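Just so we're clear, the structure is a prediction, and the values are computed from it rather than from any experiment. Throughout, protein chains are lettered first and strands after them, A, B, ... in sequence-line order, and every chain is numbered starting at 1.
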Amino acid sequence: MAKIAQVIVDVPTMQTNRPYSYLVPSELADAVHPGMRVSVPFGKGGREVGGMVIGVDEQAQTLPTFSGKLKPLTALLDLASVLNPELLELSDWLATHTFAFRISTIQTMLPAALKTKSHKLLVADQSIADAHLAGLFTNGQLDFTAAKLAPNEVDQLAKLQQSGIVHADYAVENRAKVKTVTWVQSQLTTDQIVDVRPTIRANATKQQQLLDVLTTCQTPQPLAKLTENSALARADFSAAAKRGWVTLTERESYRDPYAQKDIAATRAMTLHADQAAAVAAITGAIESATPQPFLLEGVTGSGKTEVYLQSIAAALAQGKTALMLVPEIALTPQMVNRVRGRFGKQVAVLHSGLSAGEKYDEWRRIERHEAAVVVGARSAAFAPLDNIGLIVMDEEHETSYKQDDNPRYHARDVLLWRAKYHHAPVVLGSATPSLESRARAERGVYQSLLLPERINQQPLPPVTVIDMREQLKAHTESNFSTALLDALKLRLERGEQSVLMLNRRGFSSFVMCRDCGFVLKCPNCDVSLVLHMDTHTMKCHYCGHEETIPKICPNCHSRRISYYGSGTEKVAAELTTLLPDVRIIRMDADTTRRKGAYEKLLTDFGEHKADILLGTQMIAKGLDYPDVTLVGVLNADTALGLPDFRASERTFQLLTQVSGRAGRADKPGEVFIQTFNPDHYAIQLAQKQDYERFFRVEMKMRHLGNYPPYYYTALITASAQDENVAARRMFELAEQLKAQLSDTTVILGPTPRSIARINNRYYYQIVLKYKQEPHLQTVLAKVLDDAQKEQRQGLQVAIDMEPQSFI
DNA sequence: TGGTAACAGGCT
DNA sequence: GCCTGTTACCAC
C-alpha cells in the first residue's frame, strides 16, 4: 500500500500552480510528512525540480485530473518539516489573496538558505574531440546551470548531446548548510595526566602545554576557545587526539550575529496610567486567548515600546511566544538591544542585514523553540513560532510592510491571520496610524488604546515652517534658508548635533544642458539618469544601466552641461562650502549599501564623530540621540506633488516622525521644515503635531475622492515590449471588467504608468475601486489565467491588491 | 525532402 | 521553467 505525496513543484507558472501526486518509495513511507522539501522528476526530460509536500495520502486514489502512471519522488531534502501545518495553511490563503503562485508564497516563508535550486549537469560519456569544449568539463562533468556559457557553446553542447557523446543529468541542490564547531573532550583524568607527563620528552613543550590545558579543562570545550587562549594550534590537538588523550567532536552551532556584544539587562520600567491601562487590556486578551486587534496610538516619546515589552513579558509568563514586527529601518542596534536587554537569549532577530547563513540559524532557533520572542522586519511575519500569545506591529503605518513584488502581501494581513489562528491579540502601534487602521478603530473593529502624553511630560519641540518661496524671491539657489543655516551654526557653536532630512522622492541629481535643455535619459527606461559622485557615473535607478558623466552635450555639443537637482551628495557639498569645518555623515541608499554600513554610520554619529547627520527618509525613524537638538527638513513637499492619493498622509507621517527626533533628553529641541507649500494642511497640521485634525480632514478628502478607507483598491498592470500589445490588451480587459463587475465599482484607466517604460517594456495600468465585489477573487483569477496564454507573446499581467503606490 | 527555427502543449 | 514533439518555411 504505497503512500502518495501531494507536492507543489518549484515551477512558478500558472499552469503548474497546483499539487502534483507522487509515489512515496516504501523506504521513505514513514519519513515523508507535509512541510518537507523534496526533489521530484518533472516533465518528459527526466529533469529534477524541488518541491514542497503539502499532504500525504495513505492510499492511492483515482485522481480526477490525472490517470497516468505516478512517478516516485526522488529524494527527501528534510528530516523534519520546515513548514508546520499553520504555515502551510497560511501559504494557501496568501496565494489566493495576493494572486501569487503557491510555490512563491512557500518560498517567501522559508529562509533563503532553504530555497532549492535545480541544476542541470552535463556528463561526458565519451571523450570530447574539441579541446575548448572538453576544457569546460571537470572530471567529466559540467554544471550547465551554474556555468556562464556563450550562445555558440550552448549550441555545440546541444549537438554533443544529440550525438550521444554527453548526456544530461539533473540534481536539486539543498543549500541548507549547518555550521559546525569542533569541541575538545579530555580523555585523561587529572590523575592520568600526572602519570602521562614523565612518559614524554621534557623538550616537547607543546605536549606539556597541552597537558596543562587539559588539567584545567576537564569538561568539553570549543577548540577555537582553547587555541585562542593558549599557544597551541589545531594541529597539536589533532596530534593529541591520535594519542587518545582527547576526542574531537563536531557540534552544530549557530552563527550568532550578536554573540560578541554584551547587552546590559534592562528592567521593566514603572508605567504611567495610560501605559498601565494599555498593558492591562492587552494582557487581558492574552490570558483569555482573544484574537483582538488593538490600535495603540501614542505620540513619539509616549512609551509605546515599554508597552510592547511588558505585554510580551505577559505572554511569556503564560508560557506562550511573541512576535514583534518593526520596519526594517527601525531595526537599529538601539531597538534590538532594548528587546535583548529585556528578554536575553530568548530573542531571535530577523532582518535583511544578516547573511543567509545567519538568517537560517536564527530561523532554526525559532523553529526548535529555543527562541520565544522574534523581532524582525516584514518577512519575520512568517517566523515559525508555535503557540503565539501576542503579536506586535510597531509603526503600523509604514509602507515597507507591504511587499512590492510577488507575492504582494501586507504583513499586517498576515499577522491578523496568524492572530486568529493562535487566538492571540495583535497590537498595532503608531504615532500616526494609517487611515485604514484608524478608521477600523473608529468602527470598533480594532480596540483603541491611547497614550496621549509624553513620558516626563516633556513638551514636543517647537516646529517652524519656512516658506521657501521667499528664499526663491531673493534669487538664491541654495537649499538652505537663512533661518535654518543660523540654527545650524548655533548648534555647531554649542557642540550639539543636528539631523537634516532630504525628502528624496523625485529629487535627485540629473544632468541638463544649459543651452539646449537636453537631459540625459536612460536608453531603456523613461527616466532621467541619476548622477552618482561616489562612482563618477550616471545610473538608472530602474534597470541599473550605467554610463560615464558627459562633458559635452550629446545633443548640441555645448560644454555648458551641468548638474541639477539636489541629491544628498549635492547638499553635503553645499553644506561644506557654507560651513567649512562641519563634519557630516551622509546616509542614503548609496552610503548604506554595504552590510553593516548603516549601523556603523549611526554608531559614529552617536559617538559624536560628526556634527550633522544628513540623510533621506531612513533617518526619520527610531534614532534617539541625546545631543540632537535640531532637526531640519530641507524639502517637505516633494512628495506632495505626486499623483498619489496617499501623498498628504505620507508627508504628514514623515514630518511628524522626524520632528520627534529633536530634543528627547534634557536639552530642548527645535524643528525647521522648509517648504514651498506652507499652507498645505498636511504641513500645517504636522507643525502642530495634530493627528486627530489631520485624520478628520484627510478622511473628508478620501470620502470625496472615493478612496480608501471608503473604498478598496486593486491595481492591474500589463507590460509588453510592444506598446500596442500592452495597450490593446488593457482596453479589452477594461471592457471585460466593466461587464463582469458591479456598477458601484469604479474602473480607472487603462492609462500608461507614470514611468511608462522600464527596461524596454511598456506598462499600462487599470485601477479598481470597489466597495463590495463578491466575485472579484474569481474574476481576477481568471484575468491572470487568461493572460497566461498570451505570455508567449511577451505580455505580462500582474495584480496588486491594496497597492501602496499608484505611480 | 531534409534541416532548422519558432511554437504550443504538458508536466503527477 | 524547461523539455519535446509538431509545424512552418526555406534551400536543395
Would you mind reading off the distance between [X] atom [atom1] and [N] atom [atom2], rounded to a whole angstrom?
| X | N | atom1 | atom2 | result |
| --- | --- | --- | --- | --- |
| A/Q791 | C/dC2 | CD | C1' | 14 Å |
| A/Q107 | C/dG1 | CD | C1' | 13 Å |
| A/I54 | B/dT12 | CD1 | C1' | 13 Å |
| A/Q161 | C/dC2 | CD | C1' | 12 Å |
| A/Q15 | B/dT12 | CD | P | 13 Å |
| A/K789 | B/dG10 | NZ | P | 12 Å |
| A/M14 | B/dC11 | CE | C1' | 16 Å |
| A/R102 | C/dG1 | CZ | C1' | 20 Å |

task: Identify which nucleotide among C/dC3, B/dC11, C/dG1 has an atom closest to any side-chain atom of A/P12, counting heavy atoms from C-beta outward.
output: C/dG1

message: By nearest atom, which of the nucleotides C/dG1, C/dC3, B/dT12 is closest to the A/V11 side chain?
response: C/dG1

Cut-off 3.5 Å, side chains only: do [X] and [Y] have a donor facing an acceptor?
| X | Y | answer |
| --- | --- | --- |
| A/T74 | A/E48 | yes |
| A/R37 | A/N174 | yes |
| A/E153 | A/H132 | yes |
| A/S400 | A/E328 | no |

field: Residue whose closest nucleotide on DNA chain C lies nearer the 5' end, A/K44 versus A/D10
entry: A/D10

task: Scan A/F144 against the nucleic acid and name what it touches under 4.0 Å (heavy atoms): base, sugar-phosphate only, or nothing.
output: nothing

- prompt: With sugar-phosphate meaning primed atoms plus P, OP1 and OP2, does A/F42 contact a base, only sugar-phosphate, or nothing at under 4.0 Å between heavy atoms?
  reply: base

- prompt: A/Y170 and A/F144: aromatic ring centres closer than 6.0 Å?
  reply: no

message: Measuring to OP1 and OP2 of C/dC3, would you say a side-chain N or O of A/K120 lies under 4.0 angstrom away?
response: yes

task: Examine C/dC3: is either OP1 or OP2 under 4.0 Å from a nitrogen or oxygen in the side chain of A/Y170? Give yes or no.
output: yes

